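Working notes, structure below.
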Amino acid sequence: MANEQKSLNFIEQIIEEDIANGLDKNNLRFRFPPEPNGYLHIGHAASICLNFGLGEKYNAPVNLRFDDTNPAKEEQEYVDAIKRDVAWLGFIWDKELYSSDYFQQLYNWTIDIIKAGKAYVDLQSSEEIAKQKGTPTQPGVVGPYRNASVEENLALFEKMKNGEFNEGEAILRAKIDMTHNNMHMRDPIMYRILKKAHHRTGNDWVIYPMYDWTHGESDYLEQITHSLCTLEFKSHRDLYEWYLAQVVTTDKIQPKQREFARRNISYTVMSKRKLLQLVQENHVSGWDDPRMPTISGLRRRGYTPNSIKKFSEVAGISKRDNVTDVALLEFCIKDELNKTAPRVMAVLDPIKLIINNYPANKEEILIAENNPEDEQAGTREVPFSKELFIERDDFREQANKKFFRLKLGGEVRLKNAYIIKAESVEKDENGQITAIHCTADLDSRSGSGTEASQRKVKGTIHWVSSKHTVSSEVRLYDRLFKDEAPDSHKDIDFKEFINPNSLTTISALVEPSLLTAKSGDRFQFQRKGYFCVDTESTATHLIFNRTVGLTDSWAKQEKKQATPKNDPAFDAIVPLAGKYLKARSNEERNELLNSIGQLANKTNRDIITPKLNDVIANKEVLAGLLTLKFIGIDSNEEKTFLQKALGMKNAAIKLEAIYITIANTTLLEENKALLTSILAQEKSPFIKEIIEKAIA
RNA sequence: UGUCCCAUGGUGUAAUGGUAACACAGCGGUUUUUGGUACCGUCGUUCAAGGUUCGAGUCCUUGUGGGACAACCA
């Protein structure tokens, strides 16, 4: 039986349990509640797919609700962008709602809460309030305004509402418990004064409700059954429930907040604050730069709504911190585009190919399959002539048997055309090849049905006809960051890891059928990858973005041979160095040092040294340092690395670098000036003392 | 020196006390007019120690590791 049941994620399990306990399925209702202070990213897509996915699964309505309680950060531009992105993903929201629609209702409830003696106006400065709040390990203390009378509070709150206070002079707090374990319960702020125009309510209000005092009540007003948010709101749940308890009536549904882990992806960052920084500091061209993990960036990059939904589905949902391999996202788009994208020929790095035995004035129209994966896709016409361009990579004067492409004296098929044999090359004065001469087997034309056309040759390469080709701009994107998790390093700014080569713009030659391509169209450039027409593209200046490359097992093999192998011993040292950084006792450190020493003696200096000056992460730097501590320093590269380590922020690394430097008289002499300058800036008396002694 | 959450292959998720599985990535092969695709194969996993149980990835205890929480942000 094809009755295979898909396993439920933990949210679905909670819902099923609630239904089993008597919740009417027909009352199920969800919401996606973004703050309009930035663009949506692939992490939001997980939340969107979760909420709207539940809506589809249970046939329940899903609201799009803008959490717009902070006019200082929010803009209409973001509201529009968010609506566009959710709609583009293909989801239909039940109602478009705004928290700001509930300002009056929230205000009315607030009056009741004050009357019940459960909220008070506090006129202290934010510093005083913060001080009284305590810390996670120390309880807070009661402030002087906590026991004011209901009448006084009502009057003060009225003054707040009427704009009689300036920003920062007064706030309204819930009266809960200043000694509560959960900091959020220590008399949290319900309202603050913000004399700013709101993008929807204008200047109607000068008091604005805080997130906690808005979110649960909005859920309640909309009768949301399950209010799903990310893990960092876990500790807000107590407050969410406390606020709800002040207003619920038993005949209505009390919403339930549940938390799931946000979706992270390797080689990128996923926080609005950091993405905003990339935009503002011009590391990217905008929110929709194709390198950005935003929905709009992915759209421009060539991702489809389905590929993003598919990704959210296969990545799943859970409560564990995660960094999902970006390869999974790429798989989702490749898998779809393989079935749907028309094939075309484009030469990215052209070199001229002349067919000696083909008439100079002859032109042929050849027939090419649009998509071998899709019979319905049909065929197209591609012009052919004596002079062509092929990919520079597809030719070598000499090569071994594993090279299936064109080499002197070797044969290869030109896709959809003839089998050719390379005869000679033309070179310029620098020895650079400027043209390749070949002869064609004129009986071997693809599809001609002749015996020669059935011949098997090992390689097939793509081409464009010189006379008919269209020149275009192609943007090749690589990952934006060099590190898997650029924002996971404690004392290193994530921007340190930005990949300087994340965008390469080239001019490429494409087949003439692409002349009619329109913005957003997606193609497979055969043997190269999937590309889409950029939004900036025009009829006279075509621009293609590379969405993702094809799996290239030849390039992989080449690379494997070209790049030096990893050093297994060093790779084993790195995690130990990570532990060393966190070690609490000298005993622990000595034990680790012992293991590292044994491994260090097995490392291969020739492999490690060239890599040293590229490492950025603390544990890798320390691993290099500790390895050198055992095997000694002897090259200039290693000395440079030591100096870099001396300049690092991390105290443990700096200290280790200092120890290595002062243990060796030559190194000490060479780095005296550097040590002196470190001494001048150093705050730690311990490190200062060590340096002073050594220099003296 | 608190409270809470989390811990399954390289990565992401499943297994709801009963054979640890699926996908991605990796590796190898077959097919191929894309070194793509497809197909086949392969690699590798329950943080530790105790306990409950006929039986524990799952329940309990302790420990270890990671994370969240002290914005007039959301």
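Nothing here was measured: the structure is a model prediction, and the numbers come from that model. Proteins get letters first, then strands, A, B, ... in listed order; numbering begins at 1 in each.
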Watson-Crick or G-U wobble partner of [N], both distances under 3.5 Å:
N: B/rG10; result: B/rC24
N: B/rG36; result: none
N: B/rG44; result: none
N: B/rA74; result: none
N: B/rU61; result: B/rA49

Looking at every strand, decide which applies to [X] at a 4.0 Å heavy-atom threshold: base, sugar-phosphate, or nothing.
X: A/Val323; answer: sugar-phosphate
X: A/Ile317; answer: sugar-phosphate
X: A/Gln138; answer: nothing
X: A/Gly140; answer: nothing
X: A/Arg405; answer: base
X: A/Pro372; answer: base
X: A/Phe403; answer: base
X: A/Lys339; answer: nothing
X: A/Lys272; answer: nothing

query = Cation-pi between A/Lys161 and A/Tyr107: NZ/CZ under 6.0 Å from ring centre and within 45° of the ring axis?
reply =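 Pair A/Lys161/A/Tyr107 counts as cation-pi.
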
inquiry  = Given the ring of A/Tyr120, does A/Arg173 sit roughly above its face, with NZ or CZ under 6.0 Å from the centre of the six-membered ring and within 45° of the axis?
reply    =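 Ring-cation test returns no.
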
Taking only the side-chain heavy atoms of [X] (C-beta and beyond), determine which of [options] contains the nearest atom.
X: A/Gln13; options: B/rC73, B/rA15, B/rG36; answer: B/rA15
X: A/Phe331; options: B/rC73, B/rA25, B/rU33; answer: B/rA25
X: A/Ser553; options: B/rC72, B/rA38, B/rG35; answer: B/rG35
X: A/Asp67; options: B/rC72, B/rA74, B/rU34; answer: B/rA74
X: A/Phe404; options: B/rU13, B/rG36, B/rG35; answer: B/rG35
X: A/Leu550; options: B/rG26, B/rG36, B/rA74; answer: B/rG36
X: A/Gln524; options: B/rC5, B/rU34, B/rA14; answer: B/rU34

Given atom [atom1] of [X] and atom [atom2] of [N], what is their separation to the nearest angstrom?
X: A/Arg237; N: B/rA74; atom1: CZ; atom2: P; answer: 21 Å
X: A/Arg192; N: B/rA71; atom1: CZ; atom2: P; answer: 14 Å
X: A/Leu194; N: B/rA74; atom1: CG; atom2: C1'; answer: 13 Å
X: A/Gln124; N: B/rA71; atom1: CD; atom2: P; answer: 15 Å
X: A/Lys619; N: B/rG66; atom1: NZ; atom2: P; answer: 11 Å
X: A/Leu328; N: B/rC24; atom1: CG; atom2: C1'; answer: 5 Å
X: A/Tyr530; N: B/rG36; atom1: OH; atom2: P; answer: 11 Å
X: A/Tyr267; N: B/rU11; atom1: OH; atom2: C1'; answer: 11 Å

So, OP1 or OP2 of [N]: does either fall under 4.0 Å of a side-chain N or O from [X]?
X: A/Arg320; N: B/rA14; value: no
X: A/Lys334; N: B/rU37; value: no
X: A/Thr137; N: B/rU3; value: no
X: A/Thr324; N: B/rU13; value: no
X: A/Arg343; N: B/rU37; value: no
X: A/Arg527; N: B/rG35; value: yes
X: A/Lys73; N: B/rC73; value: no
X: A/Lys310; N: B/rA23; value: no

Rounding to an integer number of angstrom, what distance separates [N] and [M] when you compare their [atom1] atoms?
N: B/rU8; M: B/rU1; atom1: C1'; value: 31 Å
N: B/rA15; M: B/rG57; atom1: P; value: 15 Å
N: B/rA20; M: B/rA70; atom1: P; value: 44 Å
N: B/rA23; M: B/rG44; atom1: C1'; value: 15 Å
N: B/rC6; M: B/rA25; atom1: C1'; value: 25 Å
N: B/rG9; M: B/rU45; atom1: C1'; value: 4 Å

Distances under 3.5 Å only, N/O to N/O: pair up the protein atoms with those of nucleotides 67-70 of chain B.
none

ask   = Is there a donor and acceptor pair, one atom on the side chain of A/Glu373 and one on the base of B/rG36, closer than 3.5 Å?
value =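 By the distance-only test, yes, there is a pair.
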
[Y] side chain reached by [X] side chain, heavy atoms, under 4.5 Å:
X: A/Phe311; Y: A/Leu328; answer: yes
X: A/Lys458; Y: A/Glu411; answer: no
X: A/Lys528; Y: A/Glu391; answer: yes
X: A/Ile317; Y: A/Glu12; answer: no
X: A/Ile367; Y: A/Glu381; answer: yes

key: A/Arg65/A/Asp219 ion pair, N-O < 4.0 Å   =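 Here A/Arg65 pairs with A/Asp219 in a salt bridge, since their nearest N and O are under 4.0 Å apart.
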
inquiry  = Would A/Trp554 count as stacking on B/rG35 if stacking means ring centres less than 5.5 angstrom apart and planes tilted under 30 degrees?
reply    =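 So A/Trp554 counts as stacking on the base.
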
task = Check each of A/Phe103, A/Trp213, A/Tyr102, A/Tyr191 against A/Tyr208 using the ring-ring contact (aromatic ring centres under 6.0 Å, His included) test, and report the only one that passes.
result =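 For A/Tyr208, the ring-ring contact (aromatic ring centres under 6.0 Å, His included) check succeeds only for A/Phe103.
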
key: Ring center gap for A/Phe481 and A/Tyr267 short of 6.0 angstrom   =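 That pair fails the under 6.0 Å test.
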
message = Within this structure, what is the CZ-CG distance for the pair A/Phe531 and A/Leu337, rounded to the nearest 0.5 Å?
response =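 Atom-to-atom, A/Phe531:CZ and A/Leu337:CG are 11.5 Å apart.
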
